[in-house]
Peer 1: 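Sharing a structure, written as structure tokens. Questions coming.
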Amino acid sequence: MTTSSSPATAQGSGELMRIEGLQAGYGPVTVLWGVDLVVREGQITALIGSNGAGKSTLMRTISGLIPTRAGRLLWQGREIQHSTPAQVLGMGIAHVPEGRRLFSAMTVEDNLIMGAYLRSGNRAQLARDLERVYEIFPKLAERRTQAAGTMSGGEQQMCAIGRGLMSAPRLLMIDELSLGLSPLLVEQLVEALISLNREGLSILVVEQDVVAALEVSSQAFVMDMGRVVQHGPSDQLLADPAVRRAYLGALAD
Ligand SMILES: Nc1ncnc2c1ncn2[C@@H]1O[C@H](COP(=O)(O)OP(=O)(O)O)[C@@H](O)[C@H]1O
Ligand SMILES: [Mg+2]
């Protein structure tokens with residue numbers, strides 16, 4: 001049963017974002033068939049599921065890049081399913097897309113500055129925010145004048161996350177955190193995310209490595225064929241025999 005939830009209620013229950021019956025797709029194709037999901041304030045939430053399940057499509061729909069066909073997207077209790085990408089970013093939802101999508105010919109620093117394009121042109125604040133990103137990812141500081149496209153995949157992922165942080169988000173959505181990256185770099189990225197989360201940033205992460213995703217998150221949602229088919233505390237999912245069979249089969253043997 002749906003009752004209209006006021007922002008106060010949403011805050012009280014620690015809910016940052018609630019998705020109800022969300023449907024979306026591309027042209028004649030429906031991909032999301034009614035997604036239900038909740039992101040709680042201050043948590044790392046994992047989104048897992050096989051290729052083609054609809055994880056990227058869900059993130060694109062949240063970002064306003066794809067129109068919502070049915071259902072609701074509540075941000076701090078407010079309906080935002082018809083917002084534009086710029087409005088969504090302005091509300092505090094940053095999206096680090098699959099494949100990173102940096103401006104490869106531009107410098108690292110200019111890519112980072114692009115992340116702040118919606119914010120007021122206060123140069124001192126911009127400089128402080130840049131320094132903060134360089135503190136989190138010292139590698140980016142070393143390479144600030146280098147063209148982003150010449151860096152390793154891991155460094156590019158740092159730059160994409162840094163660009164997301166430059167919008168001063170409350171929720172950072174990262175699509176495919178570790179895809180194609182070396183284990184050492186993945187470890188550095190995960191550590192950076194954990195420390196950002198400790199400072200209060202909420203994170204929604206799509207991650208192929210299900211064990212890593214469940215270990216780093218508090219809550220997890222499993223998608224299949226455009227729906228959420230299972231969700232719960234990550235430690236419970238990690239221990240769940242059905243989840244282990246479906247997603248960790250190769251590792252369990
Ligand atoms: N731009 C697009 N146009 C048409 N279909 C797409 C597009 N992007 C993804 N799809 C389809 O949507 C489904 C879900 O894809 P996606 O959201 O990328 O899944 P995931 O991120 O979980 O791997 C797949 O069947 C895929 O082929
Ligand atoms: Mg994807």
Side-chain angles (χ1 to χ4, degrees), residues 17-39 44-73 80-85 88-89 93-102 153-154 156-161 163-164 169 171-181 185-186 189-190 193 203-214 216-217 219-232 234 237-238 240 242-251:
M17 182 169 70
R18 167 175 285 269
I19 297 172
E20 293 174 349
L22 196 73
Q23 295 186 26
Y26 307 91
V29 181
T30 298
V31 171
L32 304 180
W33 291 94
V35 171
D36 299 306
L37 181 147
V38 169
V39 171
I44 298 180
T45 305
L47 185 56
I48 58 181
S50 52
N51 254 335
K55 306 177 299 293
S56 296
T57 302
L58 177 60
M59 285 194 166
R60 289 184 201 124
T61 310
I62 294 168
S63 295
L65 295 167
I66 298 177
T68 297
R69 294 179 179 176
R72 302 201 304 167
L73 243 170
I80 63 159
Q81 66 270 16
H82 300 302
S83 305
T84 65
V88 173
L89 185 63
I93 304 176
H95 180 188
V96 180
E98 193 172 0
R100 307 182 267 277
R101 313 244 168 172
L102 296 173
Q156 291 193 33
Q157 184 67 298
M158 289 173 182
C159 188
I161 293 171
R163 180 180 57 183
L171 175 66
L172 183 66
M173 300 196 297
I174 307 173
D175 196 356
E176 301 292 4
L177 176 70
S178 76
L179 199 64
L181 307 184
L185 265 159
V186 174
L189 284 170
V190 166
L193 293 186
I203 298 171
L204 177 63
V205 62
V206 168
E207 172 55 45
Q208 297 276 346
D209 181 339
V210 172
V211 174
L214 293 177
V216 79
S217 58
Q219 302 283 327
F221 291 79
V222 182
M223 281 188 76
D224 190 33
M225 297 174 77
R227 288 189 177 85
V228 168
V229 292
Q230 197 167 10
H231 69 95
S234 302
L237 288 185
L238 199 52
D240 186 310
V243 172
R244 297 190 73 85
R245 258 196 314 278
Y247 297 98
L248 313 177
L251 293 170

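Just so it is clear, the structure is predicted and the values come from calculations on it, not from any experiment. Count residues from 1 along the sequence. Counting convention: from 1, in listed order, for ligands and their atoms alike.
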Peer 1: Looking only at side chains, do Asp224 and Gln230 share a donor and an acceptor under 3.5 Å apart?
Peer 2: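 Their side chains do not contain a donor-acceptor pair, so the 3.5 Å distance test is not met.
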Peer 1: Do me a favour and list the nearest non-hydrogen protein atom to atom 16 (P) of ligand 1 with residue, atom name and distance?
Peer 2: Thr57 OG1, 3.6 Å
Peer 1: Just need the protein heavy atom nearest to atom 19 (O) of ligand 1, so name the residue and atom and give the distance.
Peer 2: Gly54 N, 3.1 Å
Peer 1: Contact between His95 and Ile62 at the side-chain level, heavy atoms closer than 4.5 Å - yes or no?
Peer 2: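 Heavy-atom side-chain distance check fails, nothing below 4.5 Å.
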Peer 1: Under 4.0 Å from atom 26 (C) of ligand 1, is there any protein heavy atom?
Peer 2: no
Peer 1: With a 4.0 Å cut-off on heavy atoms, does Gly52 reach ligand 1?
Peer 2: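 Yes.
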Peer 1: With distance as the sole test, does Arg244 use its side chain to make a donor-acceptor pair with the main-chain N or O of Leu238 at under 3.5 Å?
Peer 2: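 Here the side-chain-to-backbone pair exists.
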Peer 1: Relative to the heavy atoms of Ser50, which atoms of ligand 1 are at a distance of less than 4.0 Å?
Peer 2: 22 (O)
Peer 1: Regarding Ser217 and Ser234, is there a side-chain donor-to-acceptor distance under 3.5 Å anywhere?
Peer 2: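 There is such a pair (donor and acceptor under 3.5 Å, judged by atom type) between the side chains of Ser217 and Ser234.
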Peer 1: Under 4.5 Å between any side-chain heavy atoms of Leu32 and Thr68, yes or no?
Peer 2: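 No, too far: nothing below the 4.5 Å cut-off.
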Peer 1: Ignoring hydrogens and angles, state whether a donor on the side chain of Ser178 or Glu207 is under 3.5 Å from an acceptor on the partner side chain.
Peer 2: yes
Peer 1: Under 4.0 Å from a heavy atom of Ser56: give me the atoms of ligand 1 that qualify, with their elements.
Peer 2: 17 (O), 18 (O), 20 (P), 21 (O)
Peer 1: Checking side-chain polar atoms at under 3.5 Å, does Ser56 have a donor or acceptor matched by the opposite partner on Asp175?
Peer 2: yes
Peer 1: Polar contacts were defined as any N/O atom of the residue lying under 3.5 Å from an N/O atom of the ligand; does this apply to Val31 and ligand 1?
Peer 2: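 Between Val31 and ligand 1 (N or O atoms, distance only) the closest approach is not under 3.5 Å.
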Peer 1: Can you list the atoms of ligand 1 that are under 4.0 Å from a heavy atom of Arg60?
Peer 2: 8 (N)
Peer 1: What are the atoms of ligand 1, with element, lying closer than 4.0 Å to any heavy atom of Asn51?
Peer 2: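 Ligand 1 atoms under the 4.0 Å threshold to Asn51: 23 (O).
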Peer 1: At what distance is the nearest protein heavy atom to atom 9 (C) of ligand 1, and which residue and atom is it?
Peer 2: Tyr26 CE1, 3.5 Å
Peer 1: Considering only N, O or S atoms, which atom of Glu98 is nearest to the Mg ion (ligand 2)?
Peer 2: OE1
Peer 1: Give a yes/no answer: is there an N/O/S atom of Thr57 under 2.8 Å from the Mg ion (ligand 2)?
Peer 2: no
